[in-house]
Amino acid sequence: MKKLLASLFIFFAIQVSHSQMTDLFTLANGSITFFNPIFEEDKSLYGYFAVYDLGKVNESENRYEYVILDTRLAKVANGEFLTPEYNRVASKFYSLEKIKDKLLLSKLYHSYTKTYVFFTSHTEIDLKTNTPSETFYVEEGKFIEGFRNADELNKKQKKYKNLDLLYGLDANYLSFQVSKERRTIGDVNAVNVFGADKNEKWNSLFLTGDRSDKYKTFSIRYAENNTLIIQEKNRKEITLHVYNSETGEKQYSYLIENNDSDYNYNYQLKRIGDELIITGKISAYSSFGYKDENANGLFKIKLATDGTENFKKYFLWEEAAAYLEINKRGKLEKGYRLLAQDYFIFNDGRITFLAEKFKEGYNILIGVIPKATDFVLFQFDDDFALKNVETIEKDKSKFSISDYLFSQPINDGNDVVFFYRDYQKDEITKDKDWVLGIVKLVDQKFEYEQIPMSSDNFYIEPYIAKEGFILLREYNKEAKHNKIRLERVNF
């Protein structure tokens, strides 16, 4: 029977006096330009990182101050660093990763119109010595210290066909080149893995072969747990190439679909122990690939370390008819469909599929209007048998594809908590008040909590926090109000 969680709603007022609060304006000089959680390799929370813009030193350099906070919001370190500035080129910080005892802070440089991406640069902070590095960048698989030559920079970068990106991969660096010229910006042209000493460990050679097929693309689909998975796609096939990211040894290739397949696949990956789990949605096979509007259901595949298919099973929408109103084409009441938001893959092999009811309306003056309403969760056991369907009711959101925010594994990956925003209409004033929804799935049972978030004085943005808490950032640029606080999640 379809179960609604409305009876479990718990409303409470936020008591600021009981929170751990930090005023970001008092931590450093300058204007805050970047704020981000710091995650360990296992995705647990290390702390938080803030960057403050101190202004230009000269025509070619800008000074910043960084502040590092622990999970309790206590300031543990700060320092200053310089980044290059280039004429007629804008920039912004876009990524922060922890690689062993260092933080890798990345910056994107682009045209002011944001229609053309130029390049990236990076700064590292040694957490043991609290020492920032000189700016460096990666180009064609090489680490280069210092600034780029500003002379003819725009002309040179427009001729350079690749954007070099750098991320952490376990205790290593993962560098890959994304083509600027091909139609799909996610097309990867080269992959290099470097050790902590920045010396190359291995690189992908098969990517540098014949690229005359304009429909052939490569993308990185998974990069963790000593595993790097690259998807190769053309008009006829989709193949996964699985590598040991430490050694570069190719473990196997797995053909996920071709012309003889019954379905196209849209999927996520996770390695659990010695098995690779592939799960997601399916649509009836078409040479044009997966189409969400034609989705027939879900699937689960388990692969052994040599690529052997240990398990494969499909779940069609009509099999959920006992739990909710849905037809074989995935249509719900009033024309809604299930838009995938997340796949929670637990250590014991269970999978919970989180979807949101979604459809598109049309207004002759505005055009297409997206509409999102309730969440629906499908709970499967390790054998991919449906055990339960839960519906989380929320108010309809117009002009928004989704209200989903983020999720966090808890209890060593055996359970999960996820967060979303809900704009609820006041029955008296008819105003929309924004409420933070928190859903906790523990021992295959749901608990639910809501936190009122609306304020006339500042905007409130939620961030992931240490287990059992959520971090709330409230800010108002005009009032110079920018504070963060931890709130306990009560169940």
Side-chain angles (χ1 to χ4, degrees), residues 34 36 38-43 46-47 49 51 61-62 64 66 68 77 79-84 86 91-109 117-149 153 156-157 160-179 188-208 218 220 222-230 243-250:
F34 183 76
N36 209 71
I38 305 170
F39 293 102
E40 297 279 13
E41 291 175 22
D42 64 359
K43 308 303 180 186
Y46 175 85
F49 186 84
V51 177
E61 293 178 306
N62 203 93
Y64 294 92
Y66 65 86
I68 301 173
E80 295 184 1
F81 64 98
L82 299 175
T83 66
Y86 302 99
S91 63
K92 64 178 180 179
F93 296 104
Y94 72 93
S95 175
L96 177 75
E97 300 215 354
K98 185 174 183 289
I99 306 174
K100 298 188 74 172
D101 294 320
K102 293 182 179 180
L103 296 180
L104 175 67
L105 178 64
S106 300
K107 198 175 190 184
L108 181 71
Y109 291 81
V117 176
F118 286 100
F119 51 83
T120 60
S121 70
H122 315 277
T123 301
E124 278 192 325
I125 298 165
D126 190 316
L127 293 173
K128 288 185 176 180
T129 63
N130 190 32
T131 305
S133 72
E134 297 293 329
T135 292
F136 65 93
Y137 59 96
V138 177
E139 192 166 279
E140 295 184 337
K142 297 180 181 179
F143 283 78
I144 303 173
E145 293 187 356
F147 296 1
R148 285 178 168 83
N149 189 337
L153 178 68
K156 178 182 177 181
Q157 286 299 319
Y160 185 54
K161 295 183 179 181
N162 296 309
L163 173 66
D164 295 88
L165 301 174
L166 186 66
Y167 293 93
L169 175 53
D170 300 316
N172 299 309
Y173 297 91
L174 170 65
S175 171
F176 57 96
Q177 294 180 347
V178 175
S179 172
V188 176
N189 288 327
V191 172
N192 301 77
V193 174
F194 301 86
D197 56 3
K198 297 185 176 65
N199 289 323
E200 183 180 272
K201 285 189 170 184
W202 64 276
N203 62 69
S204 64
L205 297 178
F206 79 96
L207 290 173
T208 60
F218 294 90
I220 294 175
Y222 187 80
E224 56 185 274
N225 296 327
N226 289 323
T227 303
L228 177 65
I229 301 178
I230 299 175
Y243 291 85
N244 180 313
S245 61
E246 186 67 28
T247 66
E249 176 188 1
K250 187 175 180 180

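Start at 1 with the first residue, then count along the sequence. Here the structure is a predicted model, which is why all the values come from computation and not from measurement.
Taking the six-membered ring for Trp and the full ring otherwise, Phe176 and Phe218 have centroids separated by 6.0 Å or more. Between Phe118 and Tyr109, the ring centre distance reaches or exceeds 6.0 Å.
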(request) Give the C-alpha distance, both sets of side-chain angles, the deciding distance and a yes or no for side chain to side chain contact (heavy atoms under 4.5 Å, CB included) between Leu104 and Leu96. (result) CA-CA 6 Å; Leu104 175 67; Leu96 177 75; over 6 Å; no
(request) Any chance you could lay out the side chain to side chain contact (heavy atoms under 4.5 Å, CB included) test for Tyr94 and Phe34, step after step, and finish with the verdict? (result) CA-CA 8 Å; Tyr94 72 93; Phe34 183 76; 5.9 Å; no
(request) Take Asn162 and Phe119, measure what side chain to side chain contact (heavy atoms under 4.5 Å, CB included) needs, and give me the verdict at the end. (result) CA-CA 9 Å; Asn162 296 309; Phe119 51 83; over 6 Å; no
(message) Run the side chain to side chain contact (heavy atoms under 4.5 Å, CB included) test on Val178 and Leu165 for me, step by step, so that the C-alpha distance in whole Å, both residues' side-chain angles and the decisive distance to 0.1 Å come before the verdict.
(response) CA-CA 8 Å; Val178 175; Leu165 301 174; 3.8 Å; yes
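In this model, a donor atom of one side chain and an acceptor atom of the other lie less than 3.5 Å apart for Lys107 and Thr83. Residues Gln177 and Asn189 bring no donor and acceptor atom of their side chains to less than 3.5 Å of each other. Inspection of the Tyr66 and Asn130 side chains reveals an N or O donor paired with an N or O acceptor under 3.5 Å. Between the side chains of Asp170 and Asn172, no donor-acceptor pair of N or O atoms lies under 3.5 Å.
In terms of modelled atom types and a separation under 3.5 Å, the side chain of Asp197 and the main chain of Asn199 share a donor-acceptor contact. Checking side-chain atoms of Glu61 against main-chain N and O of Leu82 turns up no donor-acceptor pair under 3.5 Å. A donor-acceptor contact shorter than 3.5 Å is absent between the side chain of Ser106 and the backbone of Thr120.
With salt bridges taken as basic N to acidic carboxylate O contacts below 4.0 Å, none links Glu145 and Lys198. Using a 4.0 Å cut-off between charged side-chain N and carboxylate O, Lys98 and Glu41 make no salt bridge. A salt bridge does not link Asp126 with Lys102: every distance from a Lys NZ or Arg NE/NH1/NH2 to an Asp or Glu carboxylate oxygen is 4.0 Å or more.
Around atom CD of Glu134, no more than 12 heavy atoms belonging to other residues, nucleotides or ligands sit under 6.0 Å away.
Residues Leu108 and Ser91 fail the side-chain proximity criterion, which asks for heavy atoms closer than 4.5 Å. Side-chain contact between Asn244 and Leu228: absent, with no pair of heavy atoms (C-beta onward) separated by less than 4.5 Å. At a threshold of 4.5 Å between non-hydrogen side-chain atoms, the residues Asn192 and Leu174 do not count as touching. Contact annotation: the side chain of Ile125 never approaches that of Thr131 to less than 4.5 Å [non-hydrogen atoms, C-beta and beyond]. Side-chain atoms of Asn226 and Thr247, non-hydrogen and from C-beta on, never get closer than 4.5 Å to each other. Inter-residue side-chain proximity for Ile229 and Ile220 is flagged as unmet; no heavy-atom pair is nearer than 4.5 Å.
Minimum heavy-atom separation, Ser245 to Thr227: OG-N, 3.4 Å. Smallest separation of non-hydrogen atoms from Ile99 and Gly168: CD1-CA, 3.6 Å. Closest heavy-atom contact between Asn203 and Glu200: ND2-OE2, 2.9 Å.
For Arg148 and Tyr137, the positive end sits near the middle of the six-membered ring, less than 6.0 Å away and at most 45° from its axis.
Tested against Tyr173 for a ring-ring contact (aromatic ring centres under 6.0 Å, His included), the candidates Phe143, Tyr167, Phe194 yield a single pass: Phe143.
Residue Lys142 holds its NZ atom at 12.5 Å from OG of Ser175, rounded to the nearest 0.5 Å. Annotation: the span from Asn62 atom CG to Phe81 atom CZ amounts to 9.0 Å, rounded to 0.5 Å. To the nearest 0.5 angstrom, Phe49 atom CZ is 8.0 Å from Phe93 atom CZ. Remark: Ile144 CD1 to Ser121 OG distance equals 12.5 Å, nearest 0.5 Å. Distance check, rounded to the nearest 0.5 Å: NE2 of His122 to CG of Leu103 gives 14.5 Å.
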